[in-house]
Structure formats: C-alpha cells, structure tokens
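Each chain gets a letter, A, B and so on, in the order the sequences are listed, and its residues count up from 1.
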Amino acid sequence: MLRLSAASKRFHDDGPWVLKDIELAIPEHSFFCLLGPSGCGKSTILNMIAGFEAANSGTVAHRDRPIIAPGPDRFVIFQEAGAALFSWLDVRQNIEFGMKAQGRRRAERDPVVDRYLSMVGLADHVGKFPDELSGGMKQRLQLARALALEPQVLLMDEPFGALDAITRRRLQRAVRDIWRETGSTVIFVTHDIEEAIFLGTHIAVMTAGPEATIKSQMPCRVSEPRDPSNPEFGSLYKSIEELMREEMGDE
Amino acid sequence: MFPPSVSGRVTRQILSVVVLIALWQLVSWLTGDRALVPPVQDLLAKLLDMMASLELPTHALDSLRRVLVAFAFGASGGMILGFAASAVRPLWTFLEVPLDFIRSVPPIGFVPLAIAWFGIGEFSKYLVIAYLTVIVVAFGTVAGVRQVDQTRIRAARCMGLSGWRLFRHIVIPSASRGIIGSLHLSLGLSFISLVAVEIIGSTSGLGFVIMDSRLLLQTDRMIVSIVAIGVLGIVTVLVFDLLLRLMGLARFMR
Amino acid sequence: MRTAAIRATSLLLLLALWETAGRFWLDPLLLPPPSDVATRFRELSGTGELWTHVAASLGRVIVGYAVGSAIGIVLGCVIGAVPVMRDFFSLPIRFFRSVNPLALVPLMILWFGVGELSKVILIAYLVAIVVLYNTALGIETIPADRVRAGRCFGLKGIGLFVRVIVPAAAPGILTGLRLGVGFAVLVVIGAEMIGASEGVGYFILLGRQYVAIDDIFVGLLSLGAMGVLLNQVFLLVRDRLLRRYVRTTLYGS
Ligand SMILES: Nc1ncnc2c1ncn2[C@@H]1O[C@H](COP(=O)(O)OP(=O)(O)OP(=O)(O)O)[C@@H](O)[C@H]1O
Ligand SMILES: [Mg+2]
C-alpha cells in the first residue's frame, strides 16, 4: 500500500497551499489513474511519491515506511523522454544503467536486459542512441529502463501526451500488458478520461487548485472491451466528465 | 530543500566581491612589495591620478576611436561581401577556404606584417582590427542568408514579391539573426585585436599605456589600464546592443 | 564534387595572382611571391630553425592547456553543481571573463618573468576561465528530469555526479575546451612577441625587425597551420571518441 495522509504542500514559506490534506490509499498491484484539471497538482503528488519533493505536513509512505528520497523501488516515467533518457548511452546501455549502478554483474544483467528489450519491442534497435529513436520508441525505452529494475511502483506523468493517437493507443496496450505481467503498481497521471478508463483499476479525480484535494475516488471495473462501444464505459465516462466539468467551471 | 532566497543570493554576490578584494589585499601584503602587487587603495589613488591628469580618458578615447572606426568599416564590408557572395555562389566557394584559414590565424600575428607594409600609423591599426570583423560578419551573413526558410521565400513569391523587394523584405530580415550575432561577436573580438595592435608598435591607447607601464615597472598604472580596457569593452558591447534594441532590432536577437 | 573543383581552382588562382603580383607589380621584398615563401620555408625547416620555434609554441600551449582545462573542469563542476557557489562566483567569473586576454600578457611577464612560467600560467589561466564558465553553464542547463531519472536509479552524491551530471554536462565542457584552444594560441603568440627568445610569435616579430617579410609569411602560415591542426585534433577526438556525449535528445528526434 502506498499512502498519503493529510499531505499538504506549498512551494514557499508563505505561499499558497498547492495541495491541502491529500488522502490517498493506493493498493498494491493496482493501476491507479489520477485525473484533474491542469495545474491542480498532479505532478506535485507524483513528485512527492517519487521522493523529489517533500510534503510540508502530513505523511507520504510506501509499505508503511515514510518516503524521504527517490529510490529504485519507485520509478518515474517522465513525460519528456528526450530529457529523461541518457543521450550518451545507447539503447542497451540505457536499460543496463540502473543495474550497473547497483553493481550487478554482466552475466546477471544480460538476460534481464534482453527480456525487457523484447517486451517493449526494441530488440532490433539495441545499438541506437536516443536521438535516433522516434518519440514512441523513446518512451518505450524509458519504460524498459525502468522495468529492468523491477520497481514495485511505476510513476507515469502523462507519458503519452506528446504522441500521435495510434502510437499512443499501442503504448497504452503495451503498458497494460506489462503491468499484468509484472504485477507492479502503476500510478498514472493523465487528463484524458478515456485513457484513464481504458487503463485503470482505480480512478481518482482532483479538485482545481489552489488547496487541491482528492474530489472523488472510484474503482474502475469496466468489462472488456474497454472502448466507447461498451455501455459500462460510456456511463463511467459520463460521470467522470461531470465531475471534471464541475472543477473546470466555465472553461 | 527550499530554493535559496533572493536576498541570500545578493548577500553572497556582495560577499564574493568583499572576499576577492580581501584576498587581493592579503596577497599584496604577503608579497611585501607594494609596487609589484599594489593594494586596492593604491590602485584607486592611481585611478584618480590618471583621471585627473586626463591620461586615462585620452588614451581610452584613442582606443575607442580605433575600435569604432575599424568596426564600422569592417562590419559594412563584411555585410556587403556576405550578401554579394550569397548572390554569386561561386564567389563564396572561391573565398571560403582562404578566409577560413586567415580567420584561424590569431590577429596579433598580422600586426608585424601590417606595420611592415603600412607603417605604424593609424591605417595599419584600423586594418588589423577590421579584417577579422570583415571575415566574421561575412561568414555570419552567408550563414544567415543560407538559413532563410525556402517556404518563406515561396510564400513571399506567391504574394508577388521578387527581386529587390524579395531581398529587402524577406531575405534581409530573415538573415538578420545571423548577422546581428556575428556583429556582436566581432565587436568583442575587435577589442582583442585592438590590444594586439596597441601593445606592439603604438604610442597611444590603453594597450600602449599597459606596455609603457611594463617598461617603467608601474604595476598600478598597468592594472588600472587593464581593468579600464575590460570595462571599455563591456560598455561598448552593451551600448551596441542597446542601440540595436532602440532601432527596433531586438526581435532579431536571441 | 563541383565545389571541390572550384575550391581547388580558386586556391591555384589565388596563388597565381599572388605570384604575378609579387613578381611583376609590387616589390617582391614587400610581397614575396609564394615561390619565394616556399623556398624560405624549405630553408628554415631544413636547418630546423622553424621547428624549434613551432615546438616551443606548441609545448607551451599543450602544457598550459592541460593544466588550465583540468583546473577549469574541476572548478566548473563544483561551481555548477552547488547553488551557493554559483551565486558566490557569478560576479567574479563575469569580471575575469571580461578581462582582455592580451592585456594580461605584460602583467604576467612583470609578475612571473620572461621565462616559461609566465606563459604557461597565462595560458592555463585563460583556458581555465573559459572552461570553468562553460562547464558550470553546462551543468546548470541539464534538464531537471535527467537528474531526477538518475536519482530514480538510487544514485546520489558522487555517484550521481560522476554517472549522470558530468556526462550530461559534456556538451558545455567541450564548448569550453574548444574555445580554450583559440585563446591558448592567441595568447602564446602575444607572449612570445613581448618577451621570449623562441616561439612562432618571436619568429614573426624578428621578421619584422629585419624587414624579412618572407619570414613573416612563413611564420603566419605555420601559425595558421598550427591553429587548424589543433582544431582538427580537437574535432577528431570529439567526434570519434566522445561522439556519444554531444548527441542532443532534447526537442524532437
Ligand atoms: N517548483 C515549483 N515552484 C513553485 N510553484 C510550483 C512548482 N511546481 C509546481 N508549482 C505550482 O504548483 C501547482 C501544481 O503544479 P503541478 O505541476 O503539480 O500541476 P499539474 O496538475 O501536474 O498540471 P498539468 O496537468 O498542467 O501538468 C501549480 O500552480 C504550479 O504553479
Ligand atoms: Mg503535470
């Protein structure tokens, strides 16, 4: 369980509270989608879970241990893959990087690298550098690099926001399959309701900031296929859209 | 974890100046030779001295005149050459290699040649300061013109522009970024060339004062002049940028 | 292909023009034609005189450059990585960067004599300043997510610094190192013209004193060749050995 209790955050001593008394309980192995209007603090929540930012009050804990620093048990998939990948390492070296940093031996690393290379479909591109990959391939590389450390929690901040619709759909499927296969917990930030319903086992909607909180939290148990042709999908979509519209105001 | 506050930052910046001066005073005291490493109060006294006797302003003006005259000619020449070479491609292919080679020779190398050819008068000084500006600006202009977006030219063609009007309204503004960048760069380089011509074979200018102080072992006078030429360089480039901005050319700067 | 042909022709044409001008229109003592310069070059390199000067200059440049870039990289890393240091050093760096490099030549000679020490210190100092500035800038401009990704791998402190921050700042470091080459050559010539008994700068100035313009030309050509050579070596190392560090993955593919 990953838990935020009464977690509040502001960036300056006398600045406004960006997040106020956030209560979140994210079960193990869930695919948790976080929805909310732009600027409400979704990335900030993710950064607190990752350990990049500390809460000013309240607690953020993973398996009952408070989070005080980033660590390989929680891995972030950043939105701008080009910035997050290591431009001086090729595809294979990027994936290997984490295990090397942990001092694991080559014989131990190779099978893991190969496994995730083929899982994300980059096995034919091992020698390429990040600047030689397309946007979707970069994002898959980021995913493989994280998975190679077998983190308990994957944190994704609008990872497919910059991709075209088809690539995006393909990667959503890939992420879902990988999540099923690895059994890790995924926390997925998005502002796309459809994406949240397609992927999630749980969906949380935030209020607009400042002093943003969790407005509503619900399980997502839509049967397959999860697409607009399914009436369950449609009704969940409508109710979430209603929640979001209340927060957006007249916009 | 919190970002350092602004007031702390200013404090640190002021502190750095204080520490720097204190260090200088310490070195001066340790060497025990006021003439060799003059303490700050001596430098300030010398500065006032040189201002009162008009030595500093006179030589600074000489230096400034050399840079400005040479830069004006060099920049115009560079732009004319650059545009001409862009219009007549073979001309640039012809010039590029030799110009690039000349550019890779540090300007101070040309001082003895210029003196041998044209004497130690002002002309040879202007020449040494200006030639690098010509080359740098010509390269900047050619690169600027080359980078003009073809789509933009086609768009303008569709609107019926051609010939001089196409050049005036599309090519020049589009190339301006590259040209202005090269002007900025070459103005800075002009000050390096300036010192080159003034420390070898000149009887005026701040570079001359620096050399003269070396012969007379006047470290204070030398350091004041070194700082003065640095300040002159910064201020000139700042004023140049300001002028460009006032002329409404700011949008072409990065 | 056509470009290469025009270039070759252009160089030949230029040489021909220079040859006729020197031989028939102007005083060959004032504008020695290329053939004379070539003869003089052969003489000077035959006796080894030219190589003594070239070796002297190159030696100073290499020693000063090595010392300066090492200092610059280390200090630049510290200043770039520690925000407090960044604030503290921002004004001093701006001041030292704006000091005219050639103006320092007489001061260094006054302080450290006409020997090798003053030249090496001068080169090292100038290289250090430009490398330091660009290294710090390179570190400051690393995208935040790249460092965060490194921390996700559990790296911190020295490990994060060595494995992520330094390689990510490599483009900035290399920019500084390249600018440093230019400064080193510039200032070594200045120093050799003002106070030295060997070196290409000294040789060129000697040419002027004896009004031996063909010597000046030989000196200038060696100087240009030296600049081109050092630059090419630099580019070769960068693009062959360090190629992976100058790739950019920001904005688009
Ligand atoms: N480093 C920071 N310093 C000051 N304020 C910040 C900082 N980071 C975020 N904020 C503020 O916190 C609020 C929440 O930002 P955050 O990036 O978490 O929003 P978000 O929900 O991820 O938005 P989006 O959907 O647009 O990505 C915003 O008002 C933002 O201005
Ligand atoms: Mg965000």
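With respect to chain C, the highest number of heavy-atom pairs below 4.5 Å among G109(B), G230(B), G207(B), P112(B) belongs to P112(B). When the candidates I14(B), V17(B), T219(B), L217(B) are compared by the number of heavy-atom contacts under 4.5 Å with chain C, T219(B) comes out ahead. Ranked by heavy-atom pairs shorter than 4.5 Å toward chain B, the options V211(C), L14(C), I194(C), L11(C) are led by I194(C). Heavy-atom pairs under 4.5 Å with chain B were tallied for I216(C), L221(C), V185(C); the largest tally goes to I216(C). Heavy-atom pairs under 4.5 Å with chain B peak, among V99(C), L110(C), L31(C), at L110(C). Contacts with chain C were tallied for V37(B), I102(B), V105(B); V105(B) has the most, counting heavy-atom pairs under 4.5 Å.
The contact between L20(B) and chain C is made entirely by side chain atoms (from C-beta outward), counting heavy-atom distances below 4.5 Å. No part of V237(B) comes within reach of chain C, as not one of its non-hydrogen atoms sits under 4.5 angstrom from that chain.
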_side chain to side chain contact (heavy atoms under 4.5 Å, CB included) assessment of W117(B) paired with I213(C)_ = CA-CA 9 Å; W117(B) 275 350; I213(C) 297 192; 3.8 Å; yes
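Judged by distance alone, with hydrogens and angles left aside, the side-chain atoms of N100(C) form no donor-acceptor pair with the main-chain N or O of I229(B) at under 3.5 Å.
Residues P106(B) and I189(C) approach most closely at CG-CG1, 4.3 Å, considering heavy atoms.
The distance from atom OG of S213(B) to atom CG of L107(C), rounded to the nearest 0.5 Å, is 10.0 Å.
Shown are V231(B), I234(B), V227(B); of these, the side chain to side chain contact (heavy atoms under 4.5 Å, CB included) with S98(C) is made only by I234(B).
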